[in-house]
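In what follows, every heavy atom counts, from backbone to side chain, and hydrogens, waters and symmetry copies are set aside. Just so it is clear: chains get the letters A, B, ... in the order the sequence lines come, proteins before strands, and each one is counted from 1.
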Number of protein chains: 2
Amino acid sequence: MRELHHPPRECLELTQVLHALSDPIRLCIVRQLALGEALACGTFCETAPKSTMSHHFKVLRLSGVIHQRSEGTSCFNTLRRGDLDARFPGLLDAIVREEVGACGNSVWEEDSR
Amino acid sequence: MRELHHPPRECLELTQVLHALSDPIRLCIVRQLALGEALACGTFCETAPKSTMSHHFKVLRLSGVIHQRSEGTSCFNTLRRGDLDARFPGLLDAIVREEVGACGNSVWEEDSR
DNA sequence: TCCGTTGTTCTAAAAATATCGAACAATGTG
DNA sequence: CACATTGTTCGATATTTTTAGAACAACGGA
């Protein structure tokens with residue numbers, strides 16, 4: 001398998017990291033990875049097709065949020081916690097922390113387009 | 001001017017907040033507002049057309065990041081720091097904090113599409 | 001070597017976002 | 001009232017992002 005590109009720590013951009021984390025599927029992936037274990041791509045969300053998941057992993061990797069390394073036929077993912085904490089202190093903790101806040105209404109309820 | 005809709009604190013969604021903050025213009029707005037003052041829409045980014053800015057303010061408002069109140073012909077914006085800190089502790093601080101990290105390379109340098 | 005597993009890439013299509021000019025609304029001032 | 005100021009809304013276009021099927025590549029095991 002070809003060597004995967006990972007942007008170095010100094011090149012991480014906050015806007016790209018935030019965008020990567022602003023998708024529900026990707027946020028879910030990151031939260032699972034935040035538990036610490038390296039997890040293969042296949043261990044997430046069996047409902048979505050593989051190509052879709054592959055896309056999300058790529059977005060996470062290219063924004064610098066995760067590190068991917070292939071081992072055999074699998075691809076193990078880890079959170080780049082050190083790099084993220086160094087560049088954006090407190091960000092990961094704030095995002096991974098479980099929050100409650102249930103509300104049935106949509107943000108777009110009124111005043112939407 | 002019509003009363004503007006602001007989602008209540010309990011309805012804020014992390015993914016929407018992150019998406020709102022993942023745009024460079026909007027991030028810039030938020031950082032200026034983080035200094036504490038209420039600022040009119042016109043005080044930001046004179047280069048972009050008003051309709052574009054209006055759109056960005058709307059995204060920020062509907063995601064719950066800012067509060068807008070009209071006063072005369074102006075529209076004053078403030079950060080909803082209390083609500084954001086309550087729902088997503090540490091998030092705003094992490095995002096507003098100035099970071100250094102200069103790197104000429106694009107994240108998409110290799111392995112892009 | 002022949003399969004099964006795992007994941008990527010290609011491609012197309014759909015959906016969501018962003019941009020911005022033009023028209024409009026609300027307010028304040030001369 | 002006429003007019004300037006400030007900002008919103010509408011409409012059209014362009015760009016980006018998401019989704020997912022199909023073909024493919026790499027690896028491991030029988």
key: Donor-acceptor pair under 3.5 Å, B:S51 side chain vs C:dG21 base   = yes

request  = Check the hydrophobic clustering (I, L, V, M, F, W, Y; side-chain heavy atoms under 4.5 Å; chains of links allowed) and say if B:L33 and B:V96 are grouped together.
outcome  = yes

key: pair B:R80-B:P7: side-chain heavy atoms closer than 4.5 Å   = yes

message = Hydrophobic clusters here meaning ILVMFWY residues chained together by side-chain heavy-atom distances under 4.5 Å, can you tell me if A:F44 and A:L27 are in one?
response = yes

ask   = Considering only D:dT18, C:dT9, C:dA18, which nucleotide approaches the side chain of A:S54 most closely?
value = C:dT9

query = Looking at D:dT19, C:dT6, C:dG7, which one has an atom nearest to any side-chain atom of A:C75?
reply = C:dG7

request  = Can you tell me the distance, in whole Å, between the CZ atom of B:F44 and the P atom of D:dG7?
outcome  = 10 Å

ask   = Nearest to the side chain of A:C41, which nucleotide is it out of C:dT5, D:dC10, C:dG7?
value = C:dG7

request  = Could you work out which one of D:dT19, C:dC20, D:dG7 sits closest to the side chain of B:P49?
outcome  = C:dC20

ask   = Is it the case that one hydrophobic cluster holds both B:L84 and B:F76, taking links as side-chain heavy atoms less than 4.5 Å apart, direct or via other members?
value = no

message = Mind checking if B:A40 touches a base, just sugar-phosphate, or nothing, with heavy atoms under 4.0 Å?
response = sugar-phosphate

request  = With rounding to the nearest 0.5 Å, note down the distance linking CD1 in B:I66 to SG in B:C75.
outcome  = 7.5 Å

task = Look at A:T52 and D:dA20 and indicate whether a side-chain polar atom (N or O) is within less than 4.0 Å of OP1 or OP2.
result = yes

ask   = Does the side chain of B:R81 come within less than 4.5 Å of B:D93's, by heavy atoms?
value = yes

task = Taking only the side-chain heavy atoms of B:H19 (C-beta and beyond), determine which of C:dT8, C:dT19, C:dA18 contains the nearest atom.
result = C:dA18

message = OP1 or OP2 of C:dT5 versus the side-chain N and O atoms of A:T73: is any pair under 4.0 Å?
response = no

task = Kindly point out which of D:dA26, D:dT19, C:dA18 is positioned nearest to the side chain of A:H55?
result = D:dT19

note = Sorted by number, residues from residues 22-29 of chain B placing a heavy atom under 4.0 Å from DNA chain C are B:R26

